[in-house]
2 protein chains.
Amino acid sequence: MEHMIKHTAKDIFRNYIQEKGLRNTRQREAILDVFFSADKHITVEELFNKMKITVPEIGYATVHRNLSLLCECGLADEIKIGKQKARYEPKFGQEHHDHLICIKCGKFIEVSDSKIEKLQNKLAEANDFIPVKHTLEIFGICRECK
Amino acid sequence: MEHMIKHTAKDIFRNYIQEKGLRNTRQREAILDVFFSADKHITVEELFNKMKITVPEIGYATVHRNLSLLCECGLADEIKIGKQKARYEPKFGQEHHDHLICIKCGKFIEVSDSKIEKLQNKLAEANDFIPVKHTLEIFGICRECK
DNA sequence: TTTAGTGCAAAGGCTTTGCAGATGT
DNA sequence: ACATCTGCAAAGCCTTTGCACTAAA
């Protein structure tokens, strides 16, 4: 049986836009397309440069504002690593994951471990703390850089 | 039996200074004293303000540069949380710990869990990744803010 | 038509740097 | 003496904002 309605990222985005009385624009649609088909962990600048190929007149601020909007409606996460500029990660229909980050080449490897997740929740509870979200980043040397 | 030589943070700092051909100054000693007796997770600005009490002529850049020096010689860690300004945590003779961070009051609670640490190492190894360091931050609501 | 969005440029906010004078060694 | 350190101010760097114009609804 198949009673489920499939919601694409675009559906979610358009719904959000409508509910909030915002407007859908050429730029928004284009940013959505490029963002979801680009490399994960993209910076504003990288996305801005990609956008200019198809929408040459686009402004940096527009890209930036729309990435914020994507975070707001739950379709992206902002990742800040040390002093690096912010990176944005698409978030759609996938479980939470952590990152292995290579300190030589900068690569992000996505991993997840349900045991660690559970222990984290226990750790929070043991401190009378209600966990909302978490970030785990392991820095080291990746296979290729050894 | 007691053959161990006790190294204070100051010993380590002075050794590092000497080895590198750097110089010990009035400001450095003062910053070391204040930093290690101040609240953990202090910002440059907070430390700068505290420093001015005993060393009124001190400059912001001096505080900043010496915090970097402390990180360099392993006596401090820089912590960056989202868009907040950098915070510095004294690191001396204590095991690694993670943070529970209250999203209401901003409080940092230090916690550690050896099981999680072990699983993190396994997770890294399973990905052919040599772990060097890691950060785990759990955001949520603390006891007092519930 | 009305109100939100865009693009530009300027402003912010924190971090970092250049430099002349002061200061350890 | 000589190289490092300091304090100041300026520059950097990324992010955010103000504003006049454009364009969804």
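Remember, it's a predicted structure, so these values are computed and weren't measured experimentally. Every chain is numbered from 1 and lettered A, B, ... according to where its sequence line falls, protein lines coming before strand lines.
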Can you find a side chain N or O atom of T62(B) that sits less than 4.0 Å from OP1 or OP2 on dC5(D)?
no
As a test of understanding, state which of R87(A), E46(A), K107(A) forms a side chain to side chain contact (heavy atoms under 4.5 Å, CB included) with H41(A).
R87(A)
When the nearest nucleotide of DNA chain D is assigned to I17(B) and to K80(A) on a heavy-atom basis, which residue is associated with the more 5' position?
I17(B)
Identify, between S68(B) and N24(B), the residue whose nearest nucleotide on DNA chain C lies closer to the 5' end.
S68(B)
Rounded to the Å, how far apart are K85(B) NZ and dT16(C) P?
14 Å
Atom CZ of R87(A) and atom P of dC14(D): how far apart are they, to the nearest Å?
12 Å
Considering only heavy atoms and no angle criterion, is a donor-acceptor pair shorter than 3.5 Å present between the side chain of R23(B) and the base of dA3(D)?
yes
Can you tell me how far P of dT4(D) sits from CG of N66(B), to the nearest Å?
15 Å
Send over the distance from H64(A) NE2 to dA11(C) P, rounded to a whole Å.
19 Å
Base, sugar-phosphate, or nothing: which does E57(A) touch, judged by heavy atoms less than 4.0 Å apart?
sugar-phosphate
Specify the residue among R65(A) and A61(B) whose closest nucleotide of DNA chain D lies further upstream toward the 5′ end.
A61(B)
note: M51(B), atom CE; dC8(D), atom P; distance rounded to Å ~ 14 Å
Under 4.0 angstrom between R28(B) side-chain N/O and dC5(D) OP1 or OP2
yes
Nearest whole Å is fine: how far is dC14(D) C1' from Q84(A) CD?
13 Å
Indicate the ring-plane relationship of H64(A) and Y60(A), choosing parallel, tilted or perpendicular according to the 30° and 60° boundaries.
parallel
Is the backbone N or O of D33(A) less than 3.5 Å from a side-chain atom of S37(A), with the two atoms forming a donor-acceptor pair by type?
yes
Out of curiosity, L119(A) CG to I116(B) CD1, how far, rounded to the nearest 0.5 Å?
5.0 Å
Atom CG of L67(B) and atom C1' of dC5(D): how far apart are they, to the nearest Å?
16 Å
Establish, with yes or no, whether the OP1 or OP2 oxygen of dG7(C) is under 4.0 angstrom from a side-chain nitrogen or oxygen of Q27(A).
yes
It should be established whether Y60(B) places a side-chain nitrogen or oxygen under 4.0 Å from OP1 or OP2 of nucleotide dT15(C).
yes
Taking atom C1' of dT4(D) as reference, at what distance in whole Å does atom CG of L22(B) sit?
8 Å
Determine: side-chain N/O of K83(A) to OP1/OP2 of dT16(C), distance under 4.0 Å, yes or no.
yes
Check: I12(B) main-chain N/O paired with N15(B) side-chain donor or acceptor under 3.5 Å
no
